[in-house]
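Here the structure is a predicted model, which is why all the values come from computation and not from measurement.
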Amino acid sequence: MALLASNAVAEDKFQKLSAGQIRAKLADMELTDNVHWRDLYQRNGTVMSTSMGRTRTGKWRVEKDQLCIEFEKEPIPKCYDVWLSGKQVELRHEGLLPLQGTLESSSGSDQSRSE
């Protein structure tokens, strides 16, 4: 019972972002699960994704209050509702489990790589 209650409280903290909020929060930031994948959302609309040792590039944009991502060789963009709680992000798409990650400054991660 306590686990269900804590999940409900955590869910309440997440707020759905509008188009302007999505752009403001993601531009020049990295979204990562801190283990398997890391996506860098550049201001120019480019997204660089590293997942399980594989790097892909693509484009990101905001349409109708959703984040839309289109990778090379995947011509159909995937669009997600973006939910935020602090630095925790959930990308939600109907019929799929949410993609959960943490927002990090892209400059901070560059510094840690060079150390």
Legend entry - Chi angles and distances behind the salt bridge (Lys or Arg N to Asp or Glu O under 4.0 Å) call for Glu70, Lys78: CA-CA 7 Å; Glu70 182 178 340; Lys78 291 185 180 164; over 6 Å; no
Legend entry - Test item: side-chain donor near acceptor, Ser18 and Asp65, under 3.5 Å: no
Legend entry - Exercise: identify the closest heavy-atom pair between Trp83 and Lys16: CE3-N, 3.3 Å
Inset, instruction - Output the distance between atom CH2 (Trp60) and atom CZ (Arg43), rounded to the nearest 0.5 Å. - result: 8.5 Å
Inset, instruction - List the steps, then state whether side chain to side chain contact (heavy atoms under 4.5 Å, CB included) holds for Gln42 with Met48. - result: CA-CA 8 Å; Gln42 299 176 335; Met48 295 178 59; 3.6 Å; yes
Legend entry - Pairwise side-chain contact, Ser49 with Trp37, heavy-atom cut-off 4.5 Å (strictly under): no
Legend entry - Approximate separation, where rounding is to 0.5 Å, of Thr55 OG1 and Arg38 CZ: 12.0 Å
Inset, instruction - Kindly say whether Asp81 contributes a backbone atom to a donor-acceptor pair with the side chain of His93 at under 3.5 angstrom? - result: no
Legend entry - For the student: nearest non-hydrogen atoms of Gln88 and Phe14, plus distance: O-CE2, 3.6 Å
Inset, instruction - Show the numbers, then the answer: is there a side chain to side chain contact (heavy atoms under 4.5 Å, CB included) between Val89 and Val82? - result: CA-CA 7 Å; Val89 174; Val82 180; 4.1 Å; yes
Inset, instruction - Please name the pair of heavy atoms, one in Leu31 and one in Leu103, separated by the smallest distance, quoted to 0.1 Å. - result: CD1-N, 4.2 Å
Legend entry - Leu17 versus Gln21, closest heavy-atom pair with distance: CA-OE1, 3.3 Å
Legend entry - Heavy-atom pair with the smallest gap, counting every atom of Val47 and Lys59: CG1-N, 3.8 Å
Inset, instruction - Kindly check if the number of other-residue, nucleotide or ligand heavy atoms within 6.0 Å of CG (Leu96) is above 12? - result: yes
Legend entry - Sub-4.5 Å side-chain heavy-atom contact between Phe71 and Arg56: yes
Legend entry - CG on Leu91 to CD1 on Ile22, rounded to 0.5 Å: 9.0 Å
Inset, instruction - Apply side chain to side chain contact (heavy atoms under 4.5 Å, CB included) to the pair Cys68 and Glu63, showing each step before the final yes or no. - result: CA-CA 7 Å; Cys68 296; Glu63 286 182 11; 4.0 Å; yes
Inset, instruction - With the side chain counted from C-beta on, respond yes when Val62 and Arg23 share a heavy-atom pair under 4.5 Å apart, and no when they do not. - result: yes
Inset, instruction - Tell me whether the guanidinium CZ or amine NZ of Arg92 lies under 6.0 angstrom from the six-membered ring centre of Tyr80 and within 45° of its axis. - result: no
Inset, instruction - Evaluate the criterion side chain to side chain contact (heavy atoms under 4.5 Å, CB included) for residue pair Leu40 and Thr50; output intermediate values, then yes/no. - result: CA-CA 9 Å; Leu40 170 61; Thr50 304; over 6 Å; no
Inset, instruction - Verify the distance criterion only: is there a donor paired with an acceptor across the side chains of Glu72 and Thr57 at less than 3.5 Å? - result: yes
Legend entry - Distance in Å, Asp39 CG paired with Ser51 OG, rounded so as to fall on 0.5 Å steps: 8.0 Å
Legend entry - Taking every non-hydrogen atom, the tightest pair across Asp33 and Gln100: CB-O, 4.1 Å
Legend entry - CD-CD1 distance between Gln66 and Ile69, expressed to the nearest 0.5 angstrom: 11.0 Å
